[in-house]
Amino acid sequence: MVARELLGCVLVSRHARVVTAGRIVETEAYLGPEDAASHTAFRPGSRALFYGEGGHAYVYLNYGVHYCLNAITNPAGEPGCVLIRALAPTEGLPAMARRRGTPSSPRIASGPGNLTRALGITLRDNGADLTTGRLVILPPATPSPVTVACGPRIGITRSVELPLRFWIEGDLSVSGARRR
DNA sequence: CTCTGGATTGAC
DNA sequence: TCAATCCAGAGG
């Protein structure tokens, strides 16, 4: 599963002259029509991206307040994406804190909305190429042996029971479990 | 054009 | 526990 491989990869955002980056420590997988929580199930407009070629970004404004960053994972024609939920800051922490308007903290990019705000990601990054654009995902610089845990997804109202959420065990930047 | 849901967050 | 806040889809 690609969601698992993404853990430990580094997400780099270059906005103007500011570079912010972090290690991906938490992801969630979203599937095609058979996944009731996937946007493909109730948001046809997102289908073009879901079914598009892998390696592109799918950015979505949620609750009118927060953005969510997804990576399209599958070859063209096959729906599937991974929601990036949390980052462990590795570069540009002060810039993240400035964008967030909060003090620097390991949890500055913990949670989908926090993450996108910290990296300055907006709707205009929707559909961007994650291999060449100002938003890039790199393989782990130093493949560190980590424990990957998996469990139910968070914050959704459908198919919550599917164990499609992955995170790095014990990492400080993983977002805390919430209930609904 | 109006109505409304939603993969969240942080303050009460 | 609850309100903030905005896009796109659905319906008129």
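Labels below follow one simple rule: chain letters A, B, ... track the order of the sequence lines, proteins then strands, and each chain is numbered from 1.
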Mind checking the P distance from dG5(B) to dG12(C)? Whole angstroms is fine.
15 Å

Residue pairs, two or more places apart or on separate chains, that pass side-chain hydrogen bond (donor to acceptor under 3.5 Å, both in side chains) and touch residues 15-25 of chain A:
Thr20(A)-Arg99(A), Arg23(A)-Asp171(A)

Checking all strands, does Arg153(A) fall into the base, sugar-phosphate, or nothing category for heavy-atom contacts under 4.0 angstrom?
nothing

Quick check, does Tyr63(A) stack with dA4(C)? I mean ring centres under 5.5 Å and planes off by under 30°.
no

Roughly how many Å apart are dA10(C) and dA7(B), using the P atom of each and rounding to a whole number?
16 Å

Interatomic distance where CG belongs to Leu49(A) and P belongs to dG9(C) [whole Å]:
11 Å

For DNA chain C, the dot-bracket notation using Watson-Crick and G-U wobble pairs below 3.5 Å, [ ] for pseudoknot-type crossings and | for other-strand pairs, is ||||.||||||.

Phosphate contact (dG10(B) OP1 or OP2) by Arg117(A) side-chain N/O below 4.0 Å:
yes

Report yes or no: is the cationic atom of Arg153(A) (NZ for Lys, CZ for Arg) under 6.0 Å from the centre of the six-membered ring of Phe166(A), at an angle within 45° of the ring normal?
no

Assigning hydrophobic clusters by single linkage (Ile, Leu, Val, Met, Phe, Trp, Tyr; side-chain heavy-atom cutoff under 4.5 Å), is Val136(A) placed with Ile84(A)?
no

Identify which nucleotide among dA4(C), dA7(B), dC6(C) has an atom closest to any side-chain atom of Leu83(A), counting heavy atoms from C-beta outward.
dA7(B)

Throw together a table of side-chain donor-acceptor distances under 3.5 angstrom for residues 4-11 of chain A, partners on residues two or more places apart or in other chains.
none

Nearest non-hydrogen partners of Ile154(A) and Glu28(A), listed with the distance:
N-OE2, 3.0 Å

Per the atom types in the model, does the base of dA7(B) pair as donor or acceptor with the side chain of His66(A) at under 3.5 Å?
no

Using the side-chain heavy atoms of Arg158(A), tell me which of these nucleotides is nearest: dG6(B), dT5(C), dT9(B).
dG6(B)

dC7(C), dA7(B), dT9(B): which one has an atom nearest the side-chain heavy atoms of Leu123(A)?
dC7(C)

Ring center gap for Tyr60(A) and Tyr67(A) short of 6.0 angstrom:
no

